[in-house]
Amino acid sequence: MRQEEIWDAEAARRYDTPGTGMFAPDVLGPTVDRLAALAGDGRALEFAVGTGRVAVPLAERGVPVSGIELSVPMVERLRTKVDAATIPVVVGDMATATVPGEFSLVYLVYNTVANLLTQAEQVACFRNAARHLRPGGRFVIELWVPELRQLPPGRQATVWHTEDGYIGLDTYDVLRQRVVSHHVRFGAGREAQIFRTPHRYVWPSELDLMGELAGFALESRHADWIGAEFTGESRSHVSVYRLPG
């Protein structure tokens, strides 16, 4: 399925989980703190702005925020929170769509760069970020580290989260560097709901090369938004790329 088909009205309706998951204060707070510091006195642009999980609180901090979003239903959900004057959004592909003006910060959070399913699209996304940034501007990416060490010979899937009523698992195609995330929700009965999203996973070193092709240099990489050290055991990273100037 295409991304715009996956992120339909039903997905947009279920996306927000106020106070829990990726909306939990201990997850969202450090994200907004770091992005506000990196934006400084400039404007910020969020690729794949979605329903405004990060953009809305960042704008409330006084940072002028714009967005690019492929899914119209996700933008409609955002519009129930803020108007177009507060957070203007261009509907389009984050690898190619453009927003007027110049920015000090472009950011792409919660693994969303992997929604671009080819290496060429991911490289184009870096170049699009560079196109929007002023000299010295930064591009921030939050991304998970592929858990291929969890795949013994012959196994094609990993379970990455379980809780009452929910199982999250990933199935891998290591030849094409693809992964499909399966979100299974169930109650006490026999029926379950399944939501699937395809991704192209990217190693940190490959991400750095994409940045170099677009004119960026890696400024920093940490294991989370509060600056924990990135190690060989880290399951995700926050990487900051900077243009010269």
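Numbers here simply count residues along the sequence, with the first being 1. No experiment lies behind these values; they were computed from the predicted model shown.
Ring geometry, F126 versus F139: the interplanar angle exceeds 60°, so the pair is classed perpendicular (tilted spans 30 to 60°).
By the rule that hydrophobic residues join a cluster once side-chain heavy atoms approach within less than 4.5 Å of another member, L133 and V240 end up as members of separate clusters. There is no path of hydrophobic side-chain contacts, each under 4.5 Å, that joins V140 to L116. Linking ILVMFWY residues whenever their side-chain heavy atoms come closer than 4.5 Å, directly or via other members, leaves I194 and Y166 in distinct clusters. If you chain together hydrophobic residues whose side chains sit under 4.5 Å apart, V89 and V82 fall into the same group. Neither V159 nor V179 shares a network with the other; the hydrophobic side chains, linked directly or stepwise wherever heavy atoms of I, L, V, M, F, W or Y lie under 4.5 Å apart, form separate groups for each.
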Check against side chain to side chain contact (heavy atoms under 4.5 Å, CB included), L78 and V56 | CA-CA 9 Å; L78 169 63; V56 171; 3.8 Å; yes
From CA spacing to verdict: side chain to side chain contact (heavy atoms under 4.5 Å, CB included), T171, H182 | CA-CA 8 Å; T171 54; H182 307 256; 3.0 Å; yes
Just do the ring pair (Phe, Tyr, Trp, His ring centres under 6.0 Å) check on H183 and W160 with the steps written out, would you?
-> CA-CA 10 Å; H183 306 267; W160 50 268; 5.7 Å; yes
Can D173 and R200 be said to form a salt bridge (Lys or Arg N to Asp or Glu O under 4.0 Å), step by step?
-> CA-CA 9 Å; D173 177 351; R200 181 185 186 270; over 6 Å; no
What do the steps show when you test L207 against H237 for side chain to side chain contact (heavy atoms under 4.5 Å, CB included), and what is the final call?
-> CA-CA 11 Å; L207 207 67; H237 60 94; 3.7 Å; yes
Would you sort out whether F230 and H222 count as a ring pair (Phe, Tyr, Trp, His ring centres under 6.0 Å), showing the intermediate values?
-> CA-CA 5 Å; F230 180 75; H222 295 97; 9.3 Å; no
Let me see the working for R178 and L117 under side chain to side chain contact (heavy atoms under 4.5 Å, CB included), right down to the final yes or no.
-> CA-CA 8 Å; R178 294 281 184 88; L117 299 181; 3.8 Å; yes
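Residues V180 and T197 form no side-chain contact, since every pair of their non-hydrogen atoms from C-beta on lies 4.5 Å or further apart. No side-chain heavy atom of R196 sits under 4.5 Å from any side-chain heavy atom of S181. By the 4.5 Å heavy-atom criterion applied to side chains, V238 and I141 are not counted as neighbours. Taking 4.5 Å as the limit, some side-chain heavy atom of W225 sits within range of a side-chain heavy atom of E142. Residues R127 and L213 meet the side-chain proximity criterion, which asks for heavy atoms closer than 4.5 Å. Here the side chains of L218 and S239 are in contact, with some heavy-atom distance below 4.5 Å. Taking the side chain as every heavy atom from C-beta outward, V99 and F47 never approach each other to under 4.5 Å. At a threshold of 4.5 Å between non-hydrogen side-chain atoms, the residues L35 and V54 count as touching.
A 6.0 Å sphere centred on CD of E163 holds more than 12 heavy atoms belonging to other residues, nucleotides or ligands. Counting heavy-atom neighbours within 6.0 Å of Q193 CD, excluding the residue itself, gives a total of 12 or less.
Listed by first and then second residue, the side-chain hydrogen bond (donor to acceptor under 3.5 Å, both in side chains) pairs involving residues 97-113 are E46-Y107 (not counting sequence neighbours). Residue pairs that meet the side-chain hydrogen bond (donor to acceptor under 3.5 Å, both in side chains) test with at least one member in residues 52-67, sequence neighbours left out, are D33-R61.
At least one donor-acceptor pair closer than 3.5 Å links the side chain of K81 to the backbone N or O of T51. D224 contributes a side-chain N or O that, together with a main-chain N or O of A228, makes up a donor-acceptor pair within less than 3.5 Å.
Side-chain N/O atoms of D208 and Y241 include a donor and acceptor closer than 3.5 Å. Donor-acceptor pairing under 3.5 Å is lacking for the side chains of Q177 and Q119.
Atom CZ of residue R138 and atom CG of residue L105 lie 8.5 Å apart, to the nearest 0.5 angstrom.
For the pair D93 and A95, the tightest heavy-atom approach, listed with the atom from each and the gap, is OD1-N, 2.8 Å. Nearest heavy-atom pair across P135 and G245 is CB-CA, 4.1 Å. Residues V113 and L143 share a closest heavy-atom pair of CG1-CD1, 3.7 Å. In this structure, L108 and A48 approach most closely via the heavy-atom pair CD1-CB, 4.2 Å. When every heavy atom of V184 is checked against every heavy atom of A192, the shortest pair comes out as CG1-CB, 4.1 Å. Between S220 and R34, the shortest heavy-atom distance links the atoms OG-NH2, 3.5 Å.
Between Y172 and Y201, the ring center distance clears the sub-6.0 Å criterion.
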Let me have the donor-acceptor pairs involving side chains of residues 17-28, under 3.5 Å, with sequence neighbours excluded, atom names and distances please.
from	atom 1	to	atom 2	distance (Å)
T17	OG1	T20	O	3.1
T20	OG1	T17	O	3.2

Tell me which donor-acceptor pairs under 3.5 Å the side chains of residues 144-158 have, and how far apart each pair is, sequence neighbours excluded?
from	atom 1	to	atom 2	distance (Å)
E147	OE2	R235	NH2	3.0
R149	NH2	G232	O	2.9

Using residues 67-76 as the side-chain source, report each donor-acceptor pair under 3.5 Å to any protein atom, sequence neighbours left out, with the distance given to one decimal.
from	atom 1	to	atom 2	distance (Å)
E69	OE1	V49	N	3.3
E69	OE1	G50	N	2.7
E69	OE2	S71	N	2.9
S71	OG	W7	O	2.6
S71	OG	M74	N	3.2

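For F103, there are no ring-ring contact (aromatic ring centres under 6.0 Å, His included) partners two or more places apart in sequence or in a different chain.
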